[in-house]
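Written below as structure tokens is the structure these notes are about.
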Amino acid sequence: MRGLICGPKCAACGIVLSAWGVIMLAMLGIFFTTHSAVLIHDVPVEDEDIHQDTNPPHRIYDLFGKVGYNCFIAAAIYAVVGAFSCCQMRLNKQKVISLTWLFEFSVIDLCCQAQVYE
């Protein structure tokens, strides 16, 4: 089958992990862009970011925005991986259907040949 890279179990796992990654990272992106105080430990803030700026919250808010933007980019990458996994799942289903049809055709062919020789 052309374009088939991973099996059905791997594709299903990719779909589940991608769905979770998109949901989790999109929520984190929203929380970072709204400057959630709980996530301050996850922002790469250094001492000079606080002491050099005359208006410290703006520099920290910019860092929150950058981290939130990175979360949205990662969520988009997870969405692409999920779409790829869905395509792999469809290709695996087509492969199973074509193999089932091929098996049924060969069984019918064998039955017809057996009747001819009797």
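Side chains are part of it too, since the values below use all heavy atoms of this structure and drop only hydrogens, waters and symmetry mates. Along the sequence shown, the residues carry numbers beginning at 1. A quick note: this is a predicted structure, and the numbers were derived from the prediction, not measured.
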If you define the side chain from C-beta out and look only at heavy atoms, does anything of I30 sit under 4.5 Å from M27? no
Check V81 against S18 and note the closest heavy-atom contact, atom names and distance. CG1-OG, 3.5 Å
Do I23 and L28 share a hydrophobic cluster, counting only Ile, Leu, Val, Met, Phe, Trp and Tyr and linking them when any side-chain heavy atoms are less than 4.5 Å apart? yes
Can you find a heavy atom in the side chain of T33 that is under 4.5 Å from one in the side chain of F72? yes
Taking all atoms of both residues into account, what is the closest heavy-atom pair of A11 and N92, and its distance? CB-ND2, 4.5 Å
Side-chain touch I60/I40, heavy atoms, less than 4.5 angstrom: yes
Once you measure the plane-to-plane angle for F32 and F64, does it fall in the parallel (<30°), tilted (30-60°) or perpendicular (>60°) bin? tilted
Same cluster or not: are I77 and Y69 linked, directly or through other Ile, Leu, Val, Met, Phe, Trp or Tyr residues, by side-chain heavy atoms under 4.5 angstrom apart? yes
Inter-residue atom distance T34.OG1 - Y61.OH, 0.5 Å rounding: 10.5 Å
Do L25 and I73 pass the side chain to side chain contact (heavy atoms under 4.5 Å, CB included) test, and can you show the C-alpha distance, the side-chain angles, and the key distance before you say yes or no? CA-CA 9 Å; L25 287 167; I73 290 172; over 6 Å; no
Can you tell me how far the CD1 atom of I5 sits from the CZ atom of F84, to the nearest 0.5 Å? 4.0 Å
Could you tell me the separation between the NE2 atom of H58 and the CG atom of L63, rounded to the nearest 0.5 Å? 13.5 Å
With side chains defined as the heavy atoms from C-beta onward, is the minimum distance between L39 and V67 less than 4.5 Å? no
Work out which heavy atom in C6 is nearest to a heavy atom in Q88; give both atom names and the distance. N-OE1, 3.1 Å
Show the nearest heavy-atom pair for residues A75 and V22, with the distance to one decimal. O-CG2, 3.4 Å
